[in-house]
J.: 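Take this structure, written in structure tokens, and hold onto it; I'll ask about it next.
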Amino acid sequence: MSEDGSAFLELDGITKKFGSFTAVRDISLKIREGEFFTLVGPSGSGKTTMIRMLVGMERPTGGEMRLQGKVLNDVPANKRPTCMVFQSLALFPHKSVGENIEFSLKIAGVDPIRRRRRAEELLAQLRLPVEYYDKGVNQCSGGERQRIALARALAFDPQILFFDEPLSALDFRLRKTLEKELKDIHKETGKTFVYITHSLEEAMVMSDRIAIMRDGGIVQVGSPQEIYNRPVNKFVAQFMGEVNTIAVEKASARTVRATADGSTFQVPGMPAGFETGFLIIRPEVMKIGKAAEKLKNKVKGVVFNDYALGSRIQYQVRSDARDEHWLVERLQDDPYEGHVDDKVTIGWQPADSILVSE
Amino acid sequence: MSASANDQVSWLRQPGVLAALPAAIFLLLGFAGPLVMVFGYSFMPARSFSLLQAPTLENYVSVVSESYYISFAWSVSLAALTVLLLFPICYPVAYGMARLFGKWANLVTVLIAVPLLISENIRLFGWVLVLVKNGILDGSLQTLFGASASGPLYSVPAIVLGLVYVYLPFMLFPLVIGISMVPDTLKEAASDLGASRWQIFREIELPLSMPGILIGGILTFILALGSLAESKILGGQAIVMIADDIESAFTFAQNWPKGSVLSVLLIGLSGLIVFALFRRIDLDQIIGRR
């Protein structure tokens with residue numbers, strides 16, 4: 001974990017139990033001022049409970065949350081200097097776009113003229129026409145509603161903005177556009193964003209740092225590059241997308257043996273005390289055909305199927321030694337001209353593989 | 001059969017039309033028919049029992065020139081008072097049933113609905129026993145405190161009590177539905193944006209449960225406007241409500257045309273109020289459906 005002392009929001013042993021069920025267990029995190037921090041995890045990993053505690057809709061049953069050193073645990077949601085963009089957006093259907101955006105200001109007793117000025121400022125910042133001020137929120141499109149929800153959350157200038165998977169219901173293209181827009185807005189406002197999502201891909205695009213959650217705990221915290229290059233275990237590696245995962249045991253100081261068929265592979269390095277674990281090789285670092293012949297780690301097999309992935313082609317190769325599928329991806333302009341049912345050699349550089357113990 | 005004849009009857013063969021036919025015929029004969037007859041009788045000469053005489057406006061003239069406006073005024077004001085009293089009584093209960101009582105909400109529903117199985121008149125006579133001189137209320141007060149509460153029966157407050165008691169479920173259940181239609185996330189969002197409990201109620205819950213409030217209010221108002229038993233059983237001779245006048249005209253006075261005129265005016269008044277409300281207030285717009 002790369003952490004320094006300048007924690008803006010600090011979680012210290014946060015735990016949440018519902019009866020005998022522990023939704024969040026002993027989470028400690030330091031989130032820095034101005035960073036885009038994302039909690040990623042599959043459904044049931046506790047990320048939603050975590051964010052509900054952060055905004056004040058649930059109370060932790062253990063641990064402490066501190067914002068700039070001030071304990072937040074007992075501060076009710078309406079007194080916290082933070083705000084959330086809901087998964088459902090939770091726009092008020094009986095209020096206009098403008099009334100939605102300036103809701104927090106109205107609550108705070110700001111006069112109508114200043115409220116309206118702020119709302120129009122936010123509409124402009126979020127690239128919405130100023131005429132939208134009087135429009136009904138249900139007459140707006142999905143993308144516009146996202147921006148309205150964000151504008152509403154930004155209106156009272158919160159110290160932290162939380163996001164509960166607000167993009168999950170949108171179609172792929174709009175989601176991609178809004179991911180980038182959100183990152184732009186993060187940069188423009190300089191605010192601390194804490195985002196939760198089940199999509200590591202989404203997290204990668206936007207975040208400065210990512211925490212991966214599983215079963216109520218945190219598995220790994222790091223920058224997108226760190227998570228991508230050095231996943232701490234099989235769960236994180238597989239969460240990232242399709243990978244080749246081989247169960248292995250230690251053979252020598254520089255090699256491991258596949259438990260299934262006994263073939264040995266060179267590894268970049270052996271973690272201290274390693275006995276058994278998994279060797280992880282991403283499809284895109286695998287070589288196929290002539291390029292693989294001269295590599296140290298090789299497998300022979302037959303091309304079982306190929307898939308066009310746009311910029312790349314993915315091959316599914318069935319190894320000769322045992323009935324296992326390998327995934328190999330190459331760029332479209334790679335010289336390899338393989339076909340289904342061809343006998344091929346596939347391989348990888350030891351430095352491109354990752355050895356994890358669980 | 002020619003093709004055009006086939007087209008002419010084809011709509012009759014639609015399953016929807018066929019399925020709706022028995023109910024439509026029943027409604028036509030049992031609901032629309034009598035209403036049309038009442039409307040027709042209102043233009044017949046006084047005290048006639050035939051619908052085939054020359055139409056006249058004499059009944060309308062006589063009703064307007066007599067003092068029926070007093071009965072109308074009593075009915076309208078007592079109905080309005082009933083709605084005004086029922087709303088604050090029912091809203092907290094409905095809120096509890098929709099949000100707080102959990103599994104106990106069903107029990108509360110049953111407790112409120114079961115009395116509906118007993119005839120309204122019988123229940124009102126129960127109140128007579130409570131309110132009558134030397135009855136349950138009076139007797140208890142005399143025994144416990146030596147004070148007498150003689151006379152609550154046969155008065156306007158007794159009628160209002162009866163109206164509130166009888167029409168409570170008709171306000172309560174629409175309110176329960178209205179309140180449960182407000183999504184929890186909207187209240188959480190409002191709280192997250194700084195709203196206090198009271199501000200959430202005023203800004204979010206109250207406006208979004210308005211459809212239930214309006215339906216409950218209109219339902220109880222219309223029912224109370226046409227009520228008869230409460231004023232007769234609990235009110236005695238204290239006042240005459242318009243439904244009482246209508247009944248007298250049809251029975252005691254044997255003047256169907258006059259009863260019909262009063263009925264037409266009452267239906268017209270109810271309709272006017274409901275349409276005026278719905279014209280001014282668009283339920284779909286309130287809850288943001290458009």
Side-chain angles (χ1 to χ4, degrees), chain A residues 48 51-58 75-97 99-110 115 135-140 145 148-158 160-166, chain B residues 87 91 94-95 98-104 174-218 277-290:
Chain A
T48 301
I51 206 156
R52 287 178 64 83
M53 286 192 282
L54 287 170
V55 287
M57 287 162 204
E58 301 281 354
V75 182
N78 60 344
K79 302 268 185 258
R80 292 191 189 192
T82 60
C83 202
M84 173 152 101
V85 177
F86 286 67
Q87 181 165 23
S88 64
L89 303 183
L91 295 175
F92 305 131
H94 58 304
K95 292 178 183 290
S96 70
V97 171
E99 287 169 334
N100 263 278
I101 294 175
E102 60 186 37
F103 183 80
S104 60
L105 303 174
K106 184 181 177 189
I107 291 298
V110 176
R115 262 170 18 208
K135 203 173 176 178
V137 280
N138 287 342
Q139 292 163 330
C140 298
R145 290 165 58 84
I148 296 161
L150 184 54
R152 185 178 72 176
L154 282 167
F156 77 100
D157 208 21
I160 302 185
L161 244 81
F162 295 105
F163 296 85
D164 180 12
E165 304 204 47
Chain B
F87 178 67
Y91 200 92
Y95 192 88
R99 299 280 173 200
L100 308 173
F101 296 167
K103 59 181 179 187
W104 297 105
L175 283 186
V176 173
I177 294 166
I179 293 168
S180 36
M181 271 170 29
V182 184
D184 278 334
T185 50
L186 295 188
K187 295 190 284 173
E188 286 178 345
S191 162
D192 190 37
L193 290 162
S196 65
R197 194 69 209 79
W198 164 249
Q199 286 166 323
I200 294 172
F201 173 75
R202 204 189 56 208
E203 294 284 335
I204 310 297
E205 285 186 295
L206 196 60
L208 285 177
S209 53
M210 200 47 88
I213 296 171
L214 275 181
I215 287 167
I218 288 171
L277 265 178
F278 279 114
R279 265 187 74 123
R280 288 208 35 206
I281 301 161
D282 183 342
L283 289 184
D284 283 331
Q285 211 207 327
I286 289 174
I287 55 172
R289 291 245 178 83
R290 64 167 96 113

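Just the heavy atoms: all of them, side chains too, but no hydrogens, waters or symmetry mates, feed the values below. Every value quoted in this text rests on a predicted model; they were computed, and no experiment measured them. Proteins get letters first, then strands, A, B, ... in listed order; numbering begins at 1 in each.
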J.: Count the heavy-atom pairs under 4.5 Å between each of A:Ile107, A:Leu89, A:Val55, A:Val137 and chain B, then report the option with the highest count.
T.: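 Sorted descending by pairs with chain B, the first entry is A:Ile107.
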J.: Can you confirm if the aromatic rings of B:Phe201 and B:Tyr91 lie within a centre distance of less than 6.0 Å?
T.: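 They qualify: ring centres under 6.0 Å apart.
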J.: Tell me, side chain or backbone of A:Leu105 under 4.5 Å from chain B's heavy atoms, or both, or neither?
T.: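 When you check distances to chain B, no heavy atom of A:Leu105 falls under 4.5 Å.
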J.: Which atoms of A:Met57 are under 4.5 Å from chain B, going by heavy atoms: the side chain, the backbone, both sets, or neither?
T.: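 The side chain, not the backbone.
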J.: Under the ring-ring contact (aromatic ring centres under 6.0 Å, His included) rule, collect the residues that match up with B:Phe101, sequence neighbours excluded.
T.: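 If we apply the ring-ring contact (aromatic ring centres under 6.0 Å, His included) test to B:Phe101, skipping adjacent residues, there are no hits.
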J.: Is it the side chain or the backbone of A:Arg52 that comes within 4.5 Å of chain B heavy atoms, both, or neither?
T.: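 For A:Arg52, side-chain heavy atoms alone lie under 4.5 Å from chain B.
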J.: Taking only Lys NZ, Arg NE, NH1 and NH2, and the carboxylate oxygens of Asp or Glu, determine whether A:Glu99 and A:Arg115 approach each other closer than 4.0 Å.
T.: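 Salt bridge absent between A:Glu99 and A:Arg115.
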J.: Listing request: all salt bridge (Lys or Arg N to Asp or Glu O under 4.0 Å) pairs with a residue in residues 79-88 of chain A, at least two apart in sequence or in separate chains.
T.: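 Counting only pairs at least two positions apart or across chains, no salt bridge (Lys or Arg N to Asp or Glu O under 4.0 Å) contact touches residues 79-88 of chain A.
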